[in-house]
2 protein chains.
Amino acid sequence: MREPTYFILLALHAEPLHGYAVASRAKELSDGRVELTAGTLYGALDRLVDEGQLVVDREEKVNGRKRRYYRITEAGEHATQAEALRLRQALEAAAATIGPLPKAATA
Amino acid sequence: MREPTYFILLALHAEPLHGYAVASRAKELSDGRVELTAGTLYGALDRLVDEGQLVVDREEKVNGRKRRYYRITEAGEHATQAEALRLRQALEAAAATIGPLPKAATA
DNA sequence: CCACCATAGTACGGTCGCCGATGTATAAGC
DNA sequence: GCTTATACATCGGCGACCGTACTATGGTGG
């Protein structure tokens with residue numbers, strides 16, 4: 001799993017969001033690092049629905065603009081956690097190899 | 001940076017290794033998760049040399065088989081650390097969102 | 001003795017996710 | 001009334017990864 005996909009799934013953990021809101025939340029969660037463009041965002045959402053990691057929760061119409069809300073499935077939650085574990089293992093490998101990392105700038 | 005590339009760089013942190021040895025070390029460091037196939041391995045090594053993250057250290061001939069040793073550059077070390085920091089941030093985002101992860105199986 | 005396997009590297013083609021770009025549509029702001 | 005922000009769709013291209021096949025050598029097993 002790549003980073004954009006990962007943050008999309010994380011963004012949807014708490015509650016269903018529509019596409020544009022997913023992008024905003026992903027940017028927040030990544031401290032501004034992950035800025036999802038339309039191509040990445042909607043492409044990934046479609047793919048994740050196909051894979052059963054997301055489902056379409058509902059569609060609304062707000063001020064003429066339609067909003068499609070996505071909800072994460074159990075499979076999606078599971079994949080997210082598996083990915084996080086993979087990241088942790090990769091991080092531990094770095095710590096064991098190159099030593100402790102510098103402190104992060106306090107968020 | 002993708003995971004295979006990351007573990008290739010980690011594998012070369014301590015000392016120069018030849019291609020095949022890089023693959024073995026990467027598998028070790030990843031607890032067996034990352035098994036580099038020939039296509040991925042040599043493609044990535046060439047690319048990393050092009051990018052200045054690795055240099056060819058020397059070439060030996062052992063039992064008729066040539067071995068090409070790669071050494072990581074400062075740029076490569078820097079990229080590795082930057083990647084590890086990125087991973088940590090992604091992991092922290094998960095912790096903040098879905099809560100603490102289960103304990104890893106003791107290595 | 002011959003097949004197989006591990007080592008070591010080269011080469012090629014395909015796939016998949018990401019990304020930029022473009023287009024549609026509406027409502028708000030200047 | 002033109003631009004900007006919101007919201008989504010689609011298309012094409014690229015790059016990293018990966019499978020596969022090939023060359024080559026030396027050790028192991030049937």
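First the proteins, then the strands, lettered A, B, ... as listed; each starts at 1.
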Nearest whole Å is fine: how far is D:dC11 C1' from A:L41 CG?
16 Å
Should B:L54 and B:T73 count as side-chain neighbours, where that means a heavy-atom distance under 4.5 Å?
no
Which ones in residues 67-75 of chain A lie close to DNA chain D, meaning a heavy atom under 4.0 Å from one of its atoms?
A:R67, A:R68
What string of B, S and - do you get for nucleotides 12-17 of chain D, 5' to 3', if B is base contact, S is sugar-phosphate-only contact and - is no contact with any protein heavy atom under 4.0 Å?
----SS
For DNA chain D, which residues in residues 15-24 of chain A have a heavy atom at a distance below 4.0 Å?
A:H18, A:G19, A:Y20
Is any side-chain heavy atom of B:L48 less than 4.5 Å from a side-chain heavy atom of B:D50?
no
Chain A footprint on DNA chain C, 5' to 3' - any atom under 4.0 Å from a heavy atom:
C:dG17 to C:dA27
Donor-acceptor contacts, no H, no angles, side chain residues 5-23 of chain A, under 3.5 Å, sequence neighbours left out:
{"residue": "A:T5", "atom": "OG1", "partner": "A:R47", "partner atom": "NH2", "Å": "3.1"}
{"residue": "A:Y6", "atom": "OH", "partner": "B:A90", "partner atom": "O", "Å": "2.7"}
{"residue": "A:H13", "atom": "ND1", "partner": "A:E77", "partner atom": "OE1", "Å": "3.0"}
{"residue": "A:H13", "atom": "ND1", "partner": "A:E77", "partner atom": "OE2", "Å": "3.1"}

Which pairs count as salt bridge (Lys or Arg N to Asp or Glu O under 4.0 Å) when at least one residue sits in residues 3-14 of chain B, sequence neighbours excluded?
A:R86-B:E3, B:E3-B:R33
Give a yes/no answer on whether the side chain of A:Y42 brings an N or O atom under 4.0 Å of OP1 or OP2 in D:dA9.
no
If the condition is side-chain hydrogen bond (donor to acceptor under 3.5 Å, both in side chains), which residues does B:R71 pass it with, not counting sequence neighbours?
B:D57
Let me know the distance between NZ of B:K61 and P of D:dG26, rounded to the nearest Å.
10 Å
For the hydrophobic clusters of this structure (ILVMFWY residues joined by side-chain heavy atoms under 4.5 Å, transitively), does one cluster hold both A:V49 and A:L45?
yes
Return the set of residues passing side-chain contact (heavy atoms from CB on, under 4.5 Å) with A:E74 (not counting sequence neighbours), or none when no residue passes.
none
Worked verdict on B:T80 versus B:I72 for side chain to side chain contact (heavy atoms under 4.5 Å, CB included):
CA-CA 10 Å; B:T80 309; B:I72 194 167; 4.0 Å; yes
For B:E51, give me all partners under side-chain hydrogen bond (donor to acceptor under 3.5 Å, both in side chains), at least two apart in sequence or on another chain.
none
Side chain B:Q89, main chain A:L29, donor-acceptor under 3.5 Å
yes
Quick check on the hydrophobic clustering: are B:Y42 and B:V55 connected, directly or via other members, by side-chain heavy-atom contacts under 4.5 Å?
no
By side-chain hydrogen bond (donor to acceptor under 3.5 Å, both in side chains) - contacts of B:T37 (at least two apart):
B:T40
Partners of A:Q81 by side-chain hydrogen bond (donor to acceptor under 3.5 Å, both in side chains), sequence neighbours excluded?
none
Charged N to carboxylate O below 4.0 Å: is that the case for B:R68 and B:E59?
yes
Please tell me if the side chains of A:Y69 and A:V56 come closer than 4.5 Å, counting only heavy atoms from C-beta onward.
no
Could you pull out the protein-nucleic contacts involving nucleotides 23-25 of chain D (nitrogen or oxygen on both sides, under 3.5 Å)?
{"residue": "D:dT25", "atom": "O3'", "partner": "B:N63", "partner atom": "O", "Å": "3.3"}
{"residue": "D:dT25", "atom": "O2", "partner": "B:R65", "partner atom": "NE", "Å": "3.1"}
{"residue": "D:dT25", "atom": "O2", "partner": "B:R65", "partner atom": "NH2", "Å": "3.1"}

